[in-house]
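One is the number of the first residue; the rest follow in order along the sequence.
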Amino acid sequence: MASVDRNNKMLLDLVRQPGNNTCADCGIPEPDWASYTLGIFVCLNCSGIHRNLSDISKVKSIRLDFWDDSLVQFMRERGNSSAKAIYEKCVPAFFYRPQHKDYLFESTLWKKGKDNKQFLKRSFLLSRKDFTLRYFIKEDSKLPKAVISMKDFNAVFQPEKISHAHGLQISYMHDKRTRNLFVYHEKGQVIVSLFNALRATRLAYLQKKHPTLQDNDLVPQITGHCLKEGYMEKTGPTQRESFKKRWFTLCSMNRKLLYFKSPLDATELGAVFIGTESHSYSASESSGRSTRGGRWHCGVTLHTPDREFVFMCEQEQEQKEWLEAFRKVISQPMTSEDYASKTLWLSITAFQ
């Protein structure tokens with residue numbers, strides 16, 4: 001025990017020395033882990049990355065783990081400064097050195113599979129350096145399954161939809177369509193930390209994109225709840241097709257009505273951009289019984305310059321709520337981002 005205490009004390013003395021007193025990788029002060037194969041002191045977050053490089057680096061806690069005399073001697077001989085002189089000797093001057101603020105969140109979450117209802121463990125990494133959220137199939141995966149940009153991004157708590165108290169829905173653009181990720185964690189604190197970190201990263205992205213705007217102007221653009229979600233029946237573009245039950249989501253942030261086959265679908269089946277009344281957009285109540293397979297008869301018609309979209313709600317209350325939601329979006333003035341979004345939507349839309 002005396003040897004254990006002595007060795008840990010020697011490591012604590014070493015980590016206080018100049019060069020060793022910051023993480024060798026990200027520079028954060030007071031590292032409390034070390035790679036005993038490279039001879040460097042690193043922080044807890046960076047030690048997790050080293051664990052995925054087990055062929056190169058092996059790590060231990062300098063406070064909690066047992067250290068042999070030979071390993072302590074190696075750490076004494078090497079240290080951060082000496083190790084960098086060896087391993088970073090040929091690193092070009094223009095290479096970016098990661099900072100501890102680059103990664104705001106790293107954890108394993110339960111994520112719903114794209115094509116099935118099963119939730120599987122996936123590793124997530126949020127970077128403020130390039131404003132991205134990455135997720136990996138396995139903890140030791142070298143390449144991410146997806147790289148999600150903060151450009152067209154939203155996150156919202158969805159405990160009822162996901163059927164978990166700590167459920168979160170993440171939405172982003174992929175191949176010019178909205179893609180949804182549904183995740184949860186057993187601990188509410190973890191999912192709340194992720195949500196706040198996502199909002200912080202999204203705000204940083206908006207601040208860089210709009211350097212002249214104040215935070216008060218940017219905060220409403222960070223994330224937002226949808227105005228209305230639920231099932232409606234829809235018909236096709238000629239209005240002669242059979243009515244089919246679909247899940248719809250209306251968001252005021254991007255002025256789009258999205259539809260899916262079911263609430264937990266990963267990718268939208270189609271979208272409608274909703275402009276203002278001055279651009280010939282309106283919503284009205286429609287009546288009459290559907291004779292093309294529809295079971296619901298409380299109608300809503302969304303009028304656009306190019307087409308009328310006819311939907312059927314199950315109850316009058318749902319009909320009223322959808323009308324109010326449509327009219328709220330239509331009443332909002334369009335921003336420059338809205339005009340850009342409309343142009344993009346017109347080039348790719350395929351709402352059937």
Side-chain angles (χ1 to χ4, degrees), residues 7-54 56-67 71-72 74-109 123-136 139-142 144 147 150 185 187 189-205 207-208:
N7 285 346
N8 288 113
K9 184 178 183 300
M10 292 176 63
L11 289 169
L12 292 174
D13 289 338
L14 285 174
V15 82
R16 296 188 185 100
Q17 296 179 4
N20 294 337
N21 58 355
T22 59
C23 174
D25 289 340
C26 73
I28 194 171
E30 301 180 1
D32 52 7
W33 286 73
S35 168
Y36 59 87
T37 53
L38 299 178
I40 58 175
F41 295 92
V42 295
C43 68
L44 175 62
N45 285 340
C46 291
S47 73
I49 298 175
H50 280 256
R51 287 192 194 92
N52 294 332
L53 305 171
S54 57
I56 300 172
S57 179
K58 298 184 184 299
V59 294
K60 285 186 176 187
S61 167
I62 63 175
R63 298 178 182 273
L64 304 177
D65 291 330
F66 171 78
W67 286 76
L71 295 181
V72 175
F74 177 69
M75 296 299 300
R76 182 192 294 275
E77 295 171 353
R78 185 61 60 84
N80 289 0
S81 298
S82 297
K84 288 183 179 183
I86 297 171
Y87 298 115
E88 299 181 5
K89 181 179 180 179
C90 298
V91 175
F94 61 82
F95 267 44
Y96 176 81
R97 179 180 297 279
Q99 305 296 311
H100 68 274
K101 292 183 179 180
D102 288 345
Y103 300 104
L104 299 183
F105 179 90
E106 183 178 6
S107 185
T108 299
L109 306 174
S123 296
F124 285 78
L125 180 64
L126 178 63
S127 170
R128 189 166 180 172
K129 174 178 174 290
D130 58 0
F131 308 115
T132 60
L133 174 68
R134 293 172 166 83
Y135 79 87
F136 303 79
E139 289 188 2
D140 59 353
S141 297
K142 299 299 186 294
V147 180
M150 294 290 117
H185 195 279
K187 295 182 179 179
Q189 181 180 358
V190 174
I191 214 70
V192 170
S193 296
L194 169 60
F195 181 69
N196 285 328
L198 288 170
R199 284 180 57 85
T201 308
R202 168 76 173 161
L203 177 59
Y205 166 80
Q207 289 169 334
K208 184 175 182 180

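Here the side chain of N20 pairs no donor or acceptor atom with the backbone of G79 at under 3.5 angstrom. When atom types are taken as modelled, the side chain of K58 and the backbone of Y36 share no donor-acceptor pair closer than 3.5 angstrom. Side-chain N or O atoms of N7 include none that pairs as donor or acceptor with a backbone N or O of F66 at under 3.5 Å.
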Check against side chain to side chain contact (heavy atoms under 4.5 Å, CB included), L194 and F124: CA-CA 10 Å; L194 169 60; F124 285 78; 5.8 Å; no
Side chain to side chain contact (heavy atoms under 4.5 Å, CB included) between F131 and K208, intermediate numbers included: CA-CA 10 Å; F131 308 115; K208 184 175 182 180; 3.7 Å; yes
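Within a 6.0 Å sphere centred on NZ of K84, heavy atoms belonging to other residues, nucleotides or ligands number more than 12.
Residues R134 and T132 have side chains that bring a donor and an acceptor to within less than 3.5 angstrom of each other.
Closest non-hydrogen pair, W33 versus D65, comes out as CZ3-OD2, 4.3 Å. Nearest heavy-atom pair, C26 versus C43, reported as atom, atom and distance to 0.1 Å: SG-SG, 3.8 Å. Closest approach of I62 to N8, counting heavy atoms only: O-ND2, 2.8 Å. The two residues A24 and I40 have their closest heavy-atom pair at CB-CB, 3.9 Å.
Counting heavy atoms from C-beta on, the side chains of M150 and L133 come closer than 4.5 Å. No side-chain heavy atom of M10 sits less than 4.5 Å from a side-chain heavy atom of W67. Put simply, the side chain of N21 does not reach to within 4.5 Å of the side chain of N80, judged on heavy atoms. No side-chain heavy atom of M75 sits less than 4.5 Å from a side-chain heavy atom of L71. Using a 4.5 Å cut-off on side-chain heavy atoms (C-beta onward), L109 and V190 make contact. Under the 4.5 Å side-chain criterion, counting only non-hydrogen atoms from C-beta, L203 is not in contact with R199.
Here I86 contributes atom CD1 and S81 contributes atom OG; the two are 11.0 Å apart, rounded to the nearest 0.5 Å. Atoms CZ and OG, from F74 and S35 in turn, are 8.0 Å apart once rounded to the nearest 0.5 Å. In this structure, C46 SG and I28 CD1 are separated by 8.5 Å, a value rounded to the nearest 0.5 Å. Rounded to the nearest 0.5 angstrom, L126 CG and S107 OG are separated by 11.5 Å.
Applying the salt bridge (Lys or Arg N to Asp or Glu O under 4.0 Å) rule to pairs touching residues 32-45 yields nothing, sequence neighbours excluded.
By the side-chain hydrogen bond (donor to acceptor under 3.5 Å, both in side chains) test, D25 pairs with H50, sequence neighbours left out. With sequence neighbours left out, the side-chain hydrogen bond (donor to acceptor under 3.5 Å, both in side chains) criterion links R78 to Y87. E30 meets the salt bridge (Lys or Arg N to Asp or Glu O under 4.0 Å) test with no other residue; sequence neighbours excluded. Residues forming a side-chain hydrogen bond (donor to acceptor under 3.5 Å, both in side chains) with S47 (at least two apart in sequence, or on another chain): none. With sequence neighbours excluded, the residues that form a side-chain hydrogen bond (donor to acceptor under 3.5 Å, both in side chains) with E77 are Q73.
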